[in-house]
Amino acid sequence: MKLFTNKKMKRIPVIDLLKAGEVGATVTTSGWVRTKRESKNVAFIALNDGSIIHNIQVVVDMESAIAGVLGRISTGAAIAVTGKLTESGGSGQKVELAAEHIVVLGEADPEKYPLQPKKHSLEFLREIAHLRFRTNTFSAVTRVRHAMIFAIHKYFTEKGFFNIHTPIITASDCEGAGEMFRVSTLDPINPPRTEDGAVDYSKDFFGKQTNLTVSGQLEAELAALAMTKVYTFGPTFRAENSNTSRHLAEFWMIEPEIAFADITDDMDLAEDFLRYLVAYALEHCPDDLEFLAKRLEDEEKNKKVEERSPMGLIDKLRFVVDNEFVRLTYTEAIDILRNSNYNKKKKFQYPIEAWGADLQSEHERYLVEKHFEKPVILTDYPKEIKAFYMYQNDDGKTVRAMDILFPGIGEIVGGSQREDRHNHLLTRMREMGLPEKEMWWYLETRVYGSVPHAGFGLGFERLMLFVTGMGNIRDVIAFPRAPKSAEF
RNA sequence: UCCUCCUUAGCUCAGUUGGUUAGAGCACAUGACUGUUAAUCAUGGGGUCCAAGGUUCAAGUCCUUGAGGAGGAGCCA
């Protein structure tokens, strides 16, 4: 959109004015008003266009002809400003824009506009998700989110991976990753029925029952068993009734899959990948991270001293970049937990007893936040608590699973070496009652040129939680989808 | 889905053992003042106390049900 075609003025983003603006130059920019401060001789407008966390200060001389437009300018209004970039007379910024011409592009009734120049609760902002991009916090999260998306593709590209678009609609319901959303074009009131009264899905759009995907892993495996290194990065859907600050019904997941690789290669990849992403954020988003760190610090002040994080956001991120993750087996973890003072003093709600039980959140948190105080990779879980496709160890009891646990977030990565031996896979599928006939294509990859391979899934929004220091997953995605929540 | 807590002005919250006209800060409006930084000062407007039902002479306050929200748990990424 050309706003000033007749004046031949090109719009300059606020970020360029602040970072590379030439003092003395006459420029045009535009954005949304954050605050306006008027006085007898001069008025100040803090203008933001989302290109950077900082605002450009627009200065209006109250004696000038353009001062009359100020009455239409209030928090939330959109304006375009032409003026001279000057060194700032105030102390908050290096440069400012001395306005010579202002166009009000869109007014915002100050009596009704919900965003005030003050701190709003994240819960309130969630209710006005259509406007929350206009806040410092959410625009910072959005810019960091973009940087992470880019860094993910950059990392894999540099490592020789190929991106695969796996299907969003799927007919296989045996991925074992939870409840699925049904996809259907049948009339919900009066669906076609078979002779015995059941809904006749053969009349449905795809001729069978279909759902939204809960994972692209199985398809990614097919690709990896030809392309060697692939990854998916797509939307994922879980119809679980999960009401937590760490779950979404619609989220984005990164799933690399590598052939000629075992569980150790898988862990090496995951760890290198995570540390790369965190380092990327530190290098490319310093302004936004600094703001988010400050926000977190202010938030922590409201907490009890013992609940506060010992490290600030930036320190926490640097710590992950600088320190290797701890790797240990499930069995070793059980021993540590069983011998811990926490267990002996019965501080666990679920005491550690027999080998074989799944770890509770409190156990994972103890390992990560109390015992090791750094990210932990747990491997070789009992096969009973893990999925059918995981490689079975020689002990007959465990599988080559690996979960990466992060402080404050819990499980951020779940992965495994895949079972590549046809007979082992088939036996396990039968034990677990999976429909082997429908999975013929998956099994066939273990018949023709089967090789050891491995992969993992990284929850993108959980990564975002860690990198931004936000506490609720609904605040790191623009339009969160969760039980009873699909507004916007 | 389970447990705990919350819902009072545009926002964030206070509101005593149930008792007369429900308060504060911020925001907003008006004025003053000032190269200001979420400016400051003064004045003012602004309320279906989440909804429905109940107890009571009397309910923002107590009880029941429902709807939202938060934290924790389970499921998991």
Side-chain angles (χ1 to χ4, degrees), chain A residues 34-46 54-62 71 74-76 86-93 96 98 108-128 135-136 175-179 214-217 235-255 270 298 302-303 307 349-350 358-365 385-387 403-406 409-415 456-466 471-475 477 482-485 487:
Chain A
R34 287 295 175 77
T35 61
K36 181 186 71 172
R37 292 178 292 278
E38 274 182 72
S39 59
K40 191 184 264 177
N41 306 318
V42 71
F44 302 97
I45 299 166
H54 304 299
N55 307 320
I56 181 108
Q57 173 157 283
V58 175
V59 185
V60 181
D61 183 350
M62 296 301 270
S74 57
T75 301
T86 57
E87 280 184 33
S88 181
S91 59
Q93 58 281 318
E96 61 191 18
D109 184 347
E111 290 278 1
K112 293 177 183 163
Y113 187 63
L115 288 172
Q116 305 155 5
K118 62 166 266 187
K119 194 159 260 173
H120 287 287
S121 69
L122 295 169
E123 290 85 353
F124 172 66
L125 294 176
R126 251 171 252 155
E127 292 169 12
I128 51 165
T135 64
N136 285 333
E175 283 150 359
E179 294 295 311
V214 294
S215 165
Q217 179 201 315
T236 311
F237 307 88
R238 305 270 167 95
E240 237 102 59
N241 193 4
S242 298
N243 294 291
T244 80
S245 54
R246 303 180 308 283
H247 288 85
L248 290 166
E250 176 183 292
F251 64 101
W252 291 72
M253 188 156 63
I254 301 113
E255 295 180 285
D298 290 345
N302 298 327
K303 288 187 184 170
E307 285 172 9
Q349 197 185 336
Y350 298 90
D358 209 349
L359 298 179
Q360 303 289 321
S361 279
E362 56 175 348
H363 305 139
E364 295 181 351
R365 292 182 69 113
I385 59 173
K386 288 291 179 185
D403 285 359
I404 302 186
L405 311 175
F406 262 40
I409 293 159
E411 188 177 344
I412 194 167
V413 161
F456 62 84
L458 168 66
F460 183 57
E461 283 76 17
R462 290 199 180 164
L463 172 76
M464 285 296 300
L465 282 180
F466 184 74
N472 191 311
I473 202 160
R474 298 174 193 202
D475 297 324
I477 186 167
K484 300 275 162 63
S485 176
E487 188 80 40

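Computation of the quantities below employed the complete heavy-atom set of this structure, encompassing side-chain atoms and omitting hydrogens, waters and symmetry-equivalent molecules. Below, chains carry the letters A, B, ... as their sequence lines are ordered, and counting in each starts from 1.
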Atom-to-atom span, NZ of A:Lys36 to C1' of B:C28 - whole angstrom: 12 Å
5′-ward residue of the pair A:Val42/A:Thr75 relative to RNA chain B: A:Thr75
Intra- and inter-strand pairs of RNA chain B in dot-bracket (Watson-Crick or G-U wobble, both distances under 3.5 Å; | for another strand): (((((((..((((.....[...)))).(((((.......))))).....(((((..]....))))))))))))....
Distance test, side-chain N/O of A:Arg126 to OP1/OP2 of B:A70, below 4.0 Å: yes
Contacts of type ring-ring contact (aromatic ring centres under 6.0 Å, His included), residue A:Phe456, not counting sequence neighbours: none
Touch class at under 4.0 angstrom, heavy-atom based, for A:Arg365 against every strand present: nothing
Distance test, side-chain N/O of A:Asn41 to OP1/OP2 of B:G35, below 4.0 Å: yes
Touch class at under 4.0 angstrom, heavy-atom based, for A:Ser245 against every strand present: sugar-phosphate
Touch class at under 4.0 angstrom, heavy-atom based, for A:Thr236 against every strand present: nothing
Touch class at under 4.0 angstrom, heavy-atom based, for A:Glu96 against every strand present: base
Partners passing side chain to side chain donor-acceptor pair (under 3.5 Å) against A:Glu38 (at least two apart in sequence or in another chain): A:Lys36
Check: B:C75 base within 3.5 Å donor-acceptor of A:Ser242 side chain: yes
Side-chain N or O of A:Arg34 closer than 4.0 Å to phosphate OP1/OP2 of B:U37: no
Contacts of type side chain to side chain donor-acceptor pair (under 3.5 Å), residue A:Asp61, not counting sequence neighbours: none
Sugar-phosphate, base or nothing in reach of A:Asn55, heavy atoms under 4.0 Å: nothing
Distance in angstrom units between A:Leu359 CG and B:C76 P, rounded: 12 Å
A:Gln349 CD - B:C2 P separation (whole Å): 17 Å
Face-to-face contact A:Phe460 to B:A77 six-ring, under 5.5 Å, under 30°: no
C1' gap between B:A29 and B:G10, integer Å: 14 Å
Euclidean distance, atom CD of residue A:Gln93 to atom P of B:G35 [Å, nearest integer]: 15 Å
A:Ser361 vs B:G74: side-chain N/O to OP1/OP2 distance below 4.0 Å: yes
Under 3.5 Å donor-acceptor, A:Arg462 side chain and A:Glu411 backbone: yes
Phosphate OP1/OP2 of B:G74 contacted by A:Asn241 side-chain N/O (<4.0 Å): no
Distance in angstrom units between A:Leu122 CG and B:G69 C1', rounded: 13 Å
Pairwise 5' ranking along RNA chain B for A:Asp358 and A:Gln57, keeping only the more 5' one: A:Gln57
Touch class at under 4.0 angstrom, heavy-atom based, for A:Leu248 against every strand present: base
Pairwise C1' distance, B:G15 and B:A9 [rounded to whole Å]: 14 Å
B/S/- contact track for nucleotides 4-12 of chain B, protein heavy atom under 4.0 Å: ------BBS
Which residues share a side chain to side chain contact (heavy atoms under 4.5 Å, CB included) with A:Thr35, sequence neighbours left out: A:Arg37, A:Ala46, A:Pro117
A:Arg37 side chain near B:A38 phosphate (N/O to OP1/OP2, under 4.0 Å): no
Set of salt bridge (Lys or Arg N to Asp or Glu O under 4.0 Å) partners for A:Arg474, sequence neighbours left out: none
A:Thr244 side-chain N/O to B:C75 phosphate OP1/OP2 under 4.0 Å: no
Counterpart residues, side chain to side chain donor-acceptor pair (under 3.5 Å), relative to A:Ser88 (two or more places apart): A:Gln93, A:Glu96
Nearest-angstrom distance from the residue atom CD1 of A:Ile385 to C1' of B:C76: 13 Å
A:Arg246 CZ - B:A70 P separation (whole Å): 14 Å
Sugar-phosphate, base or nothing in reach of A:Glu362, heavy atoms under 4.0 Å: nothing
d(CD, A:Glu364; P, B:G72) in whole Å: 14 Å
Sugar-phosphate only, base, or nothing, as touched by A:Glu38 at under 4.0 Å among non-hydrogen atoms: base
A:Tyr113: ring-ring contact (aromatic ring centres under 6.0 Å, His included) partners, not counting sequence neighbours: none
